[in-house]
Protein chains: 2
Amino acid sequence: MTKEKTEKSKDFTELLRENGLKVTSPRLRVLNEITHKKAAISQPDLEKIVGRDIDRVTLYRILSSFEEKGIVHKIFDLNGTATYAMCTSNCTENHHHDQHVHFICSVCNSVYCLDEVSLPKITLPRHFALHSLAINAVGLCANCQKEN
Amino acid sequence: MTKEKTEKSKDFTELLRENGLKVTSPRLRVLNEITHKKAAISQPDLEKIVGRDIDRVTLYRILSSFEEKGIVHKIFDLNGTATYAMCTSNCTENHHHDQHVHFICSVCNSVYCLDEVSLPKITLPRHFALHSLAINAVGLCANCQKEN
DNA sequence: TTAAGTGCAAAATCTTTGCAAATGT
DNA sequence: ACATTTGCAAAGATTTTGCACTTAA
């Protein structure tokens with residue numbers, strides 16, 4: 001338990017260092033909260049959790065630096081609110097590869113990253129060059145399924 | 001020319017009536033602006049165009065009533081700003097069918113509705129029920145292609 | 001020691017709400 | 001005439017900016 005926690009913190013420390021960011025307690029705290037959630041988390045929700053410890057402005061800055069460095073990626077939920085999830089693999093500064101399907105629950109509005117779902121091929125009209133695909137599947141998530 | 005305009009206005013009049021909305025000049029104006037653009041348009045951009053004639057609050061209300069009635073649908077661009085485009089076919093109150101691929105240009109940030117691109121099939125994990133798919137293809141649009 | 005990061009205050013935006021006046025049916 | 005819609009003012013919410021203090025390297 002303690003060991004696991006230590007290891008995780010060590011990973012985060014490493015992650016921050018790799019990206020040229022200083023290891024500070026607000027940043028570690030934010031990384032912990034984001035990874036502890038199965039679904040992507042929004043700035044407002046994060047703020048509810050860490051709001052007593054971390055200033056709102058700091059939170060904004062932490063999230064945008066994380067996004068810029070490719071540590072987290074941003075997905076917009078059905079209300080257009082930005083939510084954040086850890087980048088799984090090889091995201092680097094200014095180049096994200098969050099090439100997986102996102103699932104957005106229309107009941108609880110949670111955003112899930114579905115890494116295991118394969119991306120479809122899309123054929124675009126002439127003169128449109130494809131860089132990346134953002135696929136949001138909207139429906140009922142496993143949790144909300146149960147309760148109905 | 002004049003005839004075409006008249007016919008279009010007549011269509012819009014009809015459209016508003018069908019949806020139980022009064023035919024007012026701000027509403028007709030907004031419908032005109034939205035249809036005159038090939039790409040989806042954001043509230044801020046619309047405001048730049050009609051801002052002298054239509055109050056900002058009115059614009060918000062017009063857009064949300066249009067969306068609610070299924071006259072326009074809302075797509076979020078890369079910055080999470082809502083953009084609006086006419087619903088092509090059979091959208092009705094509280095039930096949108098904007099089941100087409102959207103293309104977002106990473107240079108000019110324009111949002112295009114690609115009705116002709118067919119939707120792929122997505123297989124979700126167990127206990128996730130799919131209602132709809134939102135597919136955003138990000139890349140370079142035809143216009144920005146030319147200029148590079 | 002010193003460059004980066006944080007917190008606070010304040011500004012700038014964005015969005016919503018309430019209400020009186022105007023408008024469409 | 002009546003219910004909707006609009007415009008204005010004001011409140012509320014969200015996001016950004018500036019600057020002095022703190023902290024990690």
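In what follows, every chain begins at residue 1, and chains take the letters A, B, ... in the order their sequences are listed.
- For B:T24 and D:dT6, the shortest distance from a side-chain N or O to OP1 or OP2 is below 4.0 Å.
- For the pair A:Q43 CD and D:dT14 P, the interatomic distance rounds to 8 Å; values are reported in whole Å.
- When the P atom of C:dT23 is taken as reference, atom NZ of B:K22 falls 12 Å away, rounded to whole Å.
- Judged by distance alone, the side chain of B:S110 and the main-chain N or O of B:C105 form no donor-acceptor pair under 3.5 Å.
- Checked by distance alone, A:R61 brings a side-chain donor or acceptor within 3.5 Å of a matching partner on the base of C:dG7.
- Ring planes of B:H73 and B:H102: tilted class, angle from 30 to 60°.
- Remark: C1' of D:dG7 and CZ of B:R27 are 14 Å apart, rounded to the nearest angstrom.
- To the nearest 0.5 angstrom, A:F103 atom CZ is 7.5 Å from A:L114 atom CG.
- For C:dT15, the OP1/OP2 oxygens have no side-chain nitrogen or oxygen of B:R56 closer than 4.0 Å.
- The nucleotide whose nearest atom lies closest to any side-chain atom of A:D55 is, among C:dT6, D:dT6, C:dC8, C:dC8.
- Among the protein residues, B:P26 comes within range of the sugar-phosphate backbone only, with heavy atoms under 4.0 Å from sugar or phosphate atoms but none that close to a base.
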Stepwise salt bridge (Lys or Arg N to Asp or Glu O under 4.0 Å) check, B:R29 with B:E33: CA-CA 6 Å; B:R29 181 77 195 282; B:E33 294 302 337; 3.4 Å; yes

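- Between the CD atom of B:E47 and the P atom of C:dC14 there is a distance of 8 Å, given to the nearest Å.
- Taking atom CG of B:L46 as the reference point, atom C1' of C:dC14 lies 16 Å away to the nearest angstrom.
- Per the geometry, CZ belonging to B:R52 stands 15 Å off P belonging to D:dG7, to the nearest Å.
- For the pair B:L16 CG and D:dT4 P, the computed distance is 16 Å after rounding to whole Å.
- Taking CG of A:N136 as the reference point, atom CD1 of A:I104 lies at 4.0 Å (rounded to 0.5 Å).
- Atom-to-atom, OH of B:Y60 to P of D:dG7 comes out at 15 Å; the value is rounded to the nearest Å.
- Mapping A:V57 and A:I62 onto DNA chain C by nearest heavy atom places A:I62 closer to the 5' end of the strand.
- Comparing A:R17 and B:I54 along DNA chain D, the residue whose closest nucleotide (by nearest heavy atom) sits nearer the 5' end is B:I54.
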